[in-house]
Amino acid sequence: MTREEKSIAIEGLAAQLASSNIVYLADISGLNAETTSNLRRACFKAGMKLEVVKNTLLAKAMETSDNDYGDLPSVLKGNTAIFISDTANAPGKIIKEFRKKSDKPVFKGAYINSEIYIGDNLLDSLASLKSKEEVIGEIIGLLQSPAQRVIAALKTSRGK
C-alpha cells in the first residue's frame, strides 16, 4: 500500500468514524468463510456496517477524528473488525448471538455516544442496553397507562 492509498484509507475511516456515534471493535479472526458471510449478512439486515481494518490505519483515523476515543486505540492488536451502527445495542446483540456457536467474535471495545467501553466482560451489558426507540416506547407506555385506567374505570362505572 502506497502512502497515497494509506492516506485515502485513513480519510475514509475518519469520515466513517465522524458520521457515527456508535463504533464497536471485535476480533473475527479464525472464523471460516461461511460464518463470516453469515456475520456480514446479519450486520446488513440490522442496518450496520462491518469492515475489517488495519490497526495502524484505524488508530491514525481515530487520532484525526474530532471524537475523543480515549484508550480505545490500545485494543488495536491482532485482527480488528469495526462495526458501525446507529443503534447502541445492535452490534452487541449480534456479537453475543454469534458467540453462542463459537468463541468468536471477541469483543475488544466500543465507542458509544462519547463513552468508551473496553473489555470482553462488558459485552453482556452493552447488548442489553436499550435503544433510544425502546426507551421512548416505554415512556409513552408509562404515560398512557394511568389515562387508560381512568377511562376503563369510567366505562365500567357507567353500567352501575
Side-chain angles (χ1 to χ4, degrees), residues 1-140:
M1 204 176 224
T2 65
R3 285 185 188 253
E4 282 183 30
E5 292 172 337
K6 287 180 183 178
S7 66
I8 291 170
I10 290 170
E11 288 174 15
L13 282 171
Q16 287 179 4
L17 294 175
S19 68
S20 178
N21 286 329
I22 299 155
V23 177
Y24 278 61
L25 303 176
D27 179 4
I28 63 168
S29 65
L31 294 179
N32 62 28
E34 180 184 357
T35 308
T36 304
S37 293
N38 291 338
L39 179 61
R40 288 183 186 275
R41 274 190 215 102
C43 289
F44 180 76
K45 286 179 185 175
M48 73 180 83
K49 185 174 182 180
L50 169 66
E51 186 175 338
V52 177
V53 295
K54 287 185 165 253
N55 293 332
T56 54
L57 298 180
L58 182 58
K60 288 183 182 185
M62 285 179 175
E63 287 174 15
T64 62
S65 175
D66 293 337
N67 298 334
D68 180 22
Y69 290 98
D71 291 335
L72 201 55
S74 67
V75 301
L76 298 175
K77 295 176 179 78
N79 293 330
T80 303
I82 184 170
F83 295 78
I84 297 177
S85 176
D86 293 329
T87 308
N89 62 355
K93 286 181 179 180
I94 288 179
I95 292 170
K96 194 172 175 181
E97 182 66 30
F98 273 82
R99 296 264 301 262
K100 290 178 182 177
K101 299 171 188 164
S102 70
D103 60 341
K104 297 281 181 164
V106 176
F107 174 73
K108 291 182 173 185
Y111 173 83
I112 302 173
N113 299 323
S114 302
E115 296 291 326
I116 307 296
Y117 302 91
I118 296 177
D120 194 52
N121 57 333
L122 298 175
L123 181 62
D124 290 334
S125 52
L126 290 175
S128 64
L129 281 176
K130 294 189 181 196
S131 68
K132 181 179 178 180
E133 292 79 17
E134 291 170 334
V135 171
I136 290 172
E138 285 183 7
I139 291 171
I140 289 171

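Residue numbers start at 1 and run along the sequence shown.
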Residues forming a side-chain hydrogen bond (donor to acceptor under 3.5 Å, both in side chains) with Glu63, sequence neighbours excluded: none
Pair listing, side-chain hydrogen bond (donor to acceptor under 3.5 Å, both in side chains) test, anchored in residues 74-85, at least two apart: Asn55-Thr80, Thr80-Lys108
Distance in Å, Thr87 OG1 paired with Lys93 NZ, rounded so as to fall on 0.5 Å steps: 9.0 Å
Polar side-chain atom of Ser37 near backbone of Ala33 as donor-acceptor pair, under 3.5 Å: yes
Exam field: side chain Ser20 to backbone Leu17, donor-acceptor pair closer than 3.5 Å: no
Pairs flagged by side-chain hydrogen bond (donor to acceptor under 3.5 Å, both in side chains) wherever residues 2-16 is involved - sequence neighbours left out: Gln16-Glu51
Listed partners of Ala26 passing side chain to side chain contact (heavy atoms under 4.5 Å, CB included), at least two apart: Phe83, Ile95, Pro105
By ring-ring contact (aromatic ring centres under 6.0 Å, His included) - contacts of Tyr111 (at least two apart): Tyr69
Ile22 and Asp86, any side-chain heavy atoms less than 4.5 Å apart: no
Distance-minimising heavy-atom pair for Ala88 and Pro91: O-CD, 4.0 Å
Taking every non-hydrogen atom, the tightest pair across Ala14 and Thr64: CB-OG1, 3.7 Å
Residue Asp66 excluded, over 12 heavy atoms near CG under 6.0 Å: no
Lys54, NZ atom: more than 12 neighbouring heavy atoms under 6.0 Å: no
4.5 Å side-chain heavy-atom contact, Met48 and Ile94: yes
Taking every non-hydrogen atom, the tightest pair across Ile116 and Gly70: CD1-N, 4.3 Å
Non-hydrogen atoms of Leu50 and Ala81 that approach each other most closely: CD1-CB, 3.8 Å
Beyond-backbone contact of Val23 with Ile82, side-chain heavy atoms, under 4.5 angstrom: yes
For Lys60, side chain to side chain contact (heavy atoms under 4.5 Å, CB included) partners two or more places apart: Ile10
side-chain hydrogen bond (donor to acceptor under 3.5 Å, both in side chains) involving Asp68 - partner list, sequence neighbours excluded: none
Point-to-point distance, once rounded to the nearest 0.5 Å, from CZ of Arg99 to CG of Asp120: 4.0 Å
side-chain hydrogen bond (donor to acceptor under 3.5 Å, both in side chains) against Asn38, all qualifying residues, sequence neighbours excluded: Arg41
Minimum side-chain heavy-atom gap Leu25-Leu58 below 4.5 Å: yes
Residues, nucleotides or ligands: over 12 heavy atoms within 6.0 Å of Asp71 CG: no
Under the ring-ring contact (aromatic ring centres under 6.0 Å, His included) test, residues paired with Tyr117 that sit two or more places apart: none
Which atom of Ala110 lies closest to which atom of Leu72, heavy atoms considered: N-CD1, 3.7 Å
Under the side chain to side chain contact (heavy atoms under 4.5 Å, CB included) test, residues paired with Ala18 that sit two or more places apart: none
With Asn21 via side-chain hydrogen bond (donor to acceptor under 3.5 Å, both in side chains) - residues at least two apart: none
Sequence neighbours excluded, every pair satisfying ring pair (Phe, Tyr, Trp, His ring centres under 6.0 Å) that has a member inside residues 6-49: Tyr24-Phe107
